[in-house]
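Numbers for residues simply follow the sequence, beginning at 1.
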Amino acid sequence: MNQDIIKLARNLFFDRAIGSDKKEYYVPTYQSQIDELRDEIYYSEIESQCFYVAGQSGAGKTTALNFLPNEDILEKFVPIYINYRDLLAFDDADIIDVLLMFAYKFTEKDEKLRKKFHAEIQKIDKTHKKTLETKEEQQKGKSTVTGGDGKFGASFSFWNFFKLSTDFFAAFRMDKQVRNTTREFFTFKKIDLLNLVNTIIAKWYELYGTSKKLIVFFDDFDKLRNFGQIHSIFVDNRSFIEQIDCKKVISIPVHLATNTGFNLPSTKLIMFSIKFKVNPLTTVSYTHLRAHETVLDLVC
């Protein structure tokens, strides 16, 4: 009996969403929202459509989204889940982090895709180096034009910085200096990062030749804590996310639902909130009571 209780506690541990392997524990709290979202996804003809979901952290959005792909959705789409909880520092995040970590997680378990990812990083690095070598040649006899604080001159190789790290992506989440160096390098190359992501997606279709379309679930953005950075990601730089070449379901910080800079007329936003209905027993009792009082008034 003790082992059964321990096993149950582990299955329902609060910081892990229930997946399809534990569907016997799942209660469809947000069935109407999930049905609405399924219809939106299934019938949308926009290849890169974004669907945003908002709700309080811990309210069960992740679990509900885990159960979103039903037979109809799986007939048309291949779902991929990217949990940003283990990829971002929630008090310090940037659109560059979002794009780079998308590429990393999307390619993590596929050697061919990972090679393509690394090749694209090297290509960006070589283009950067060649551009600065040309500028430095033009500026002979003058101060070197490198942009920013001059840290990323032609002698700097982001690829070397990337590959020499024992575990770049673990360091990226934990080490602010690694994040700063990466962001400074890509500050004027965000479009290159977007193109890198879309190149990898195109490679995925090439490798797997499926007639189904990708749908990617971006989870845990609702846990971001820096309001300025949230605005930067989802308002100022939102177009970078929306131009990723696949349908996307994105959990967002709940306060963005009322942000007029984010919640535009064209925004597909679904609120995951629990509504309590009036207790029918209470309603009946109250109605009966009022009827009884009316009878007493007439008798008096």
Handout entry: Sequence-distant partners of Val254, side chain to side chain contact (heavy atoms under 4.5 Å, CB included), two or more places apart
Key = Gln56, Met271
Exercise for the section: Return each pair, listed once, that meets ring pair (Phe, Tyr, Trp, His ring centres under 6.0 Å) where at least one residue sits in residues 231-253; pairs must be two or more places apart or across chains. Expected result: Phe221-Phe234
Fill in the blank from the handout: Asp220 meets the salt bridge (charged side-chain N to carboxylate O under 4.0 Å, His left out) criterion, sequence neighbours left out, with Lys223
Let me check something: any side-chain donor-acceptor pairs from residues 207-216 under 3.5 Å, sequence neighbours excluded? List them with distances.
unit_1: Tyr208; atom_1: OH; unit_2: Asp110; atom_2: OD2; d: 2.2
unit_1: Thr210; atom_1: OG1; unit_2: Lys212; atom_2: N; d: 3.0
unit_1: Lys212; atom_1: NZ; unit_2: Leu74; atom_2: O; d: 2.9

Exercise for the section: Not counting sequence neighbours, which residues clear side-chain hydrogen bond (donor to acceptor under 3.5 Å, both in side chains) with Asp125? List them please. Expected result: Ser157
Fill in the blank from the handout: The complete set of side-chain hydrogen bond (donor to acceptor under 3.5 Å, both in side chains) pairs with one or both residues in residues 186-201, sequence neighbours excluded, reads His128-Lys189
Exercise for the section: Could I get the full list of ring-ring contact (aromatic ring centres under 6.0 Å, His included) partners for His255, not counting sequence neighbours? Expected result: Phe227
Handout entry: Glu45: partners by salt bridge (charged side-chain N to carboxylate O under 4.0 Å, His left out), with sequence neighbours left out
Key = none
Problem - Which residues share a ring-ring contact (aromatic ring centres under 6.0 Å, His included) with Phe217, sequence neighbours left out - result: Tyr81
Exercise for the section: Could you pull out all residues at least two apart from Tyr43 that satisfy ring-ring contact (aromatic ring centres under 6.0 Å, His included)? Expected result: none
For residues 87-94, please give each side-chain donor-acceptor pair under 3.5 Å, one per line with the distance, not counting sequence neighbours.
unit_1: Asp92; atom_1: OD1; unit_2: Arg183; atom_2: NH1; d: 3.0
unit_1: Asp92; atom_1: OD1; unit_2: Arg183; atom_2: NH2; d: 3.4
unit_1: Asp92; atom_1: OD1; unit_2: Gln229; atom_2: NE2; d: 3.0
unit_1: Asp92; atom_1: OD2; unit_2: Lys176; atom_2: NZ; d: 3.2
unit_1: Asp92; atom_1: OD2; unit_2: Arg179; atom_2: NE; d: 2.8
unit_1: Asp92; atom_1: OD2; unit_2: Arg179; atom_2: NH2; d: 2.9
unit_1: Asp94; atom_1: OD2; unit_2: Ile96; atom_2: N; d: 2.8

Practice task
State yes or no: do Ile80 and Leu99 share one hydrophobic cluster built from I, L, V, M, F, W and Y residues joined by side-chain heavy-atom distances below 4.5 Å, directly or via other members?
Solution key: yes
Problem - Axial cation check for Tyr42 ring with Lys76, 6.0 Å and 45° limits - result: yes
Completion exercise
With sequence neighbours left out, the residues meeting salt bridge (charged side-chain N to carboxylate O under 4.0 Å, His left out) with Lys203 are Glu206
